[in-house]
Amino acid sequence: MRRKLKQYVNSHPLVAKISIFILFLTALILILVTTIHRSNHKSSPNSPSLPKSPPPPPPPPHAIPFDSNNTIQFDFSPYLKLYKNGSVERLSGTQTVSAGFDSTSGVTSKDVVINSNTGLSARLYLPKSNITSGEKFPILIFIHGGAFVIESAFSPTYHDYLNALVSEAKVITVSVNYRLAPEHPLPTAYNDSFEAFKWTVSNAKTGPENWLNNYGDLSRLFLSGDSAGGNIAHNVALMGGVNIKGLALLDPYFWGKNPVGSETTDLSVRNKMEITWEFVCANKYTIDNPVVNPIGSPNLFDKLSCERVLVMIAELDTFRERGKAYVDELKKSGWNGEVQLYETKGEDHVYFLYQLQSDKAKKEMAFLASFLNGS
């Protein structure tokens, strides 16, 4: 056999070389295929092979990367989240708009710094008028809401609302930009707003803020606020040296340990209210402290140094019963002023901020404007 193969190779050298090359190439391909196959199917002895996982998706915008120090310490949704590393993530109420002339209402606004050390500031609003006539306007100090933790005097929500109110009521307005909890827990908002009150009075008397000095009538000075701002306005009105014409509380934030009227008895709701209150004041005040539950201390109403009070409530608002009780207790107290209650049916908390053009909101604003103008 070998002799015949040798004779064939000697008589056909080219064919033999080609055959040998093909055999070599085939063997090489078999070796490569076997190696790749083993590599792709290699697995641990205890688990089956799995396809490779795709990389995780990127975190959503504004997400705080997770680590042991960034877990949530307090969830105050839908307003904010406080993390264990001390960072605060506000979930709403952070947008701002610039001051200036509003072509729809004819109102002009500008921003002022009240205390450069603390950052206390305000937005001033001047109604459309013939400035050469020497016309004077009532002065309104307005304090925004937001559960003490969100919003500002520069937010589009309050900027639009106050442009409309200033136009309707013809009042020069100081919208207070107080510092927020939890970075600055209560009583910071009370103290900031009281400082803004004193600044307003001083500038209306002698300047140098010319809008207040030239166009503000200090004999018609009003305090107002919505929700948390209503709570702050009430507490500022009780501070020493405050003398105002009227106090207007719009869906004010008041609460207490025990239900009043037809207030909810749901323990989960009441516990949440108490816990969030402790959060915004860093446990400085209990839920029955007079700063949040004035109806529990009716003798305080004697300290209200104003002639008139207006409380505005909404039928579906959680705080409705507290507003009604506030009016009832004020009438029973030794306070000698005039108090009015205005209720909007079928609406919830501070609806008027988000439905400015609705008939109910326009009617409520007209009533507030008449109060600010003494009628």
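All values derive from a computational prediction rather than experimental measurement.
What you find for N293 and I287 is that their closest heavy atoms are CB-O, 3.8 Å. In this structure, A181 and V280 approach most closely via the heavy-atom pair CB-O, 3.5 Å. What you find for A147 and F76 is that their closest heavy atoms are CB-CZ, 4.1 Å. When every heavy atom of Y215 is checked against every heavy atom of E135, the shortest pair comes out as CD2-O, 3.9 Å. The nearest pair of heavy atoms linking Y285 to P187 is OH-CB, 3.2 Å. S333 and F301 get closest at one heavy-atom pair: OG-CB, 3.6 Å.
At distances below 3.5 Å, at least one donor-acceptor pair connects side-chain atoms of S152 with backbone N or O atoms of F154. When atom types are taken as modelled, the side chain of R322 and the backbone of P294 share no donor-acceptor pair closer than 3.5 angstrom. Side-chain N or O atoms of D251 include none that pairs as donor or acceptor with a backbone N or O of D226 at under 3.5 Å. S202 contributes no side-chain N or O that, together with a main-chain N or O of K198, makes up a donor-acceptor pair within less than 3.5 Å. Proximity of a side-chain donor or acceptor of D217 to a complementary backbone N or O of P138 within less than 3.5 Å is not detected. Using modelled atom types, one side-chain atom of N163 and one backbone atom of H159 make a donor-acceptor pair closer than 3.5 Å. No donor-acceptor pair closer than 3.5 Å links the side chain of Y190 to the backbone N or O of N231. Panel note: side chain T286, backbone N289; a donor-acceptor pair is recorded below 3.5 Å. Checked by atom type and distance alone, the side chain of S297 never pairs as donor or acceptor with a backbone atom of N299 at under 3.5 Å. Under the 3.5 Å distance criterion, the side-chain polar atoms of R270 are matched with a main-chain donor or acceptor of T264.
Transitive grouping of hydrophobic side chains (ILVMFWY, heavy atoms separated by less than 4.5 Å) keeps V97 and Y161 in distinct clusters. Note on L356: it clusters hydrophobically with Y354, by side-chain heavy-atom contacts below 4.5 Å among ILVMFWY residues. L91 and V88 fall into different hydrophobic clusters, where Ile, Leu, Val, Met, Phe, Trp and Tyr residues are linked whenever their side-chain heavy atoms come under 4.5 Å apart, directly or through other members. Cluster annotation: F74 and W277 are assigned to the same hydrophobic cluster (Ile/Leu/Val/Met/Phe/Trp/Tyr, side-chain heavy-atom contacts under 4.5 Å, transitive). Taking hydrophobic clusters as Ile, Leu, Val, Met, Phe, Trp and Tyr residues chained together by side-chain heavy-atom distances below 4.5 Å, I275 shares a cluster with Y79.
Counting non-hydrogen atoms of other residues, nucleotides and ligands closer than 6.0 Å to OH of Y342 gives a total above 12. Environment of CD in Q95: sparse, with no more than 12 heavy atoms of neighbouring residues, nucleotides or ligands closer than 6.0 Å. Heavy-atom contacts from other residues, nucleotides or ligands closer than 6.0 Å to CG of N336 number 12 or fewer. Counting heavy atoms of neighbouring residues, nucleotides and ligands inside a 6.0 Å radius, atom CG of D266 exceeds 12 of them.
Looking only at atom types and distance, the side chain of E89 has a donor-acceptor partner in the side chain of Y83 under 3.5 Å away.
Rounding to the nearest 0.5 Å places OH of Y253 at 8.0 Å from OG of S227. Atom CG of L249 and atom CG of L247 lie 4.0 Å apart (nearest 0.5 Å). In this structure, CG on N177 lies 9.0 Å from CZ on R123, to the nearest 0.5 angstrom. E347 contributes atom CD, which lies 9.0 Å from atom CD of E364 (distance to the nearest 0.5 angstrom). The distance from atom CG of L223 to atom OG of S193, rounded to the nearest 0.5 Å, is 8.5 Å. To the nearest 0.5 Å, the span separating CE on M273 from CD on E263 amounts to 8.0 Å.
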Check against side chain to side chain contact (heavy atoms under 4.5 Å, CB included), I244 and F197: CA-CA 10 Å; I244 55 177; F197 176 89; 3.5 Å; yes

Residue pair K331, E338: steps toward the side chain to side chain contact (heavy atoms under 4.5 Å, CB included) verdict: CA-CA 8 Å; K331 289 178 178 178; E338 172 193 346; over 6 Å; no

Set out, in order, the CA-CA distance, both residues' side-chain angles and the distance that settles side chain to side chain contact (heavy atoms under 4.5 Å, CB included) for E315 and E343, then state yes or no. CA-CA 7 Å; E315 181 184 19; E343 181 172 7; 3.7 Å; yes

Chi angles and distances behind the salt bridge (charged side-chain N to carboxylate O under 4.0 Å, His left out) call for D192, R179: CA-CA 7 Å; D192 280 355; R179 288 171 288 173; 2.9 Å; yes

Chi angles and distances behind the side chain to side chain contact (heavy atoms under 4.5 Å, CB included) call for M365, L165: CA-CA 7 Å; M365 182 174 287; L165 178 61; 3.9 Å; yes

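Side chains of L140 and V174 form no contact here, defined as non-hydrogen atoms less than 4.5 Å apart. Within the 4.5 Å cutoff, no side-chain heavy atoms of V339 are placed close to those of R308. Residues N203 and P208 meet the side-chain proximity criterion, which asks for heavy atoms closer than 4.5 Å. In this structure, I72 and K84 have side chains that are not in contact, with every pair of non-hydrogen atoms separated by 4.5 Å or more. L304 is not listed as a side-chain neighbour of V242, based on a closest heavy-atom distance of 4.5 Å or more. Side-chain contact between L368 and L310 is present, with heavy atoms from C-beta onward closer than 4.5 Å. Side-chain contact check for S121 versus V112: every heavy-atom pair is 4.5 Å or farther apart. Side chains of T96 and P156 form no contact here, defined as non-hydrogen atoms less than 4.5 Å apart.
Identified under the ring-ring contact (aromatic ring centres under 6.0 Å, His included) test for residues 162-181, with sequence neighbours left out: H144-Y178.
By the side chain to side chain contact (heavy atoms under 4.5 Å, CB included) test, S262 is found to be paired with R320, E321, residues two or more places apart in sequence or in another chain being considered. Contacts of E183 classified as side-chain hydrogen bond (donor to acceptor under 3.5 Å, both in side chains), with partners at least two apart in sequence or in another chain: R90. With sequence neighbours excluded, the residues forming a side chain to side chain contact (heavy atoms under 4.5 Å, CB included) with N115 are N117, T118, L120, E195, listed by chain and number. Applying the side chain to side chain contact (heavy atoms under 4.5 Å, CB included) test to S98 and every residue at least two apart in sequence or in another chain returns nothing.
Aromatic ring centres of F254 and F319: separated by at least 6.0 Å.
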Listed pairs under 3.5 Å, donor-acceptor, residues 99-106 side chains, sequence neighbours left out:
from	atom 1	to	atom 2	distance (Å)
D102	OD2	S105	N	3.0
D102	OD2	S105	OG	2.6
S105	OG	V107	N	3.2

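F222 pairs with exactly one of F142, F137, F371 by the ring-ring contact (aromatic ring centres under 6.0 Å, His included) rule, that one being F371.
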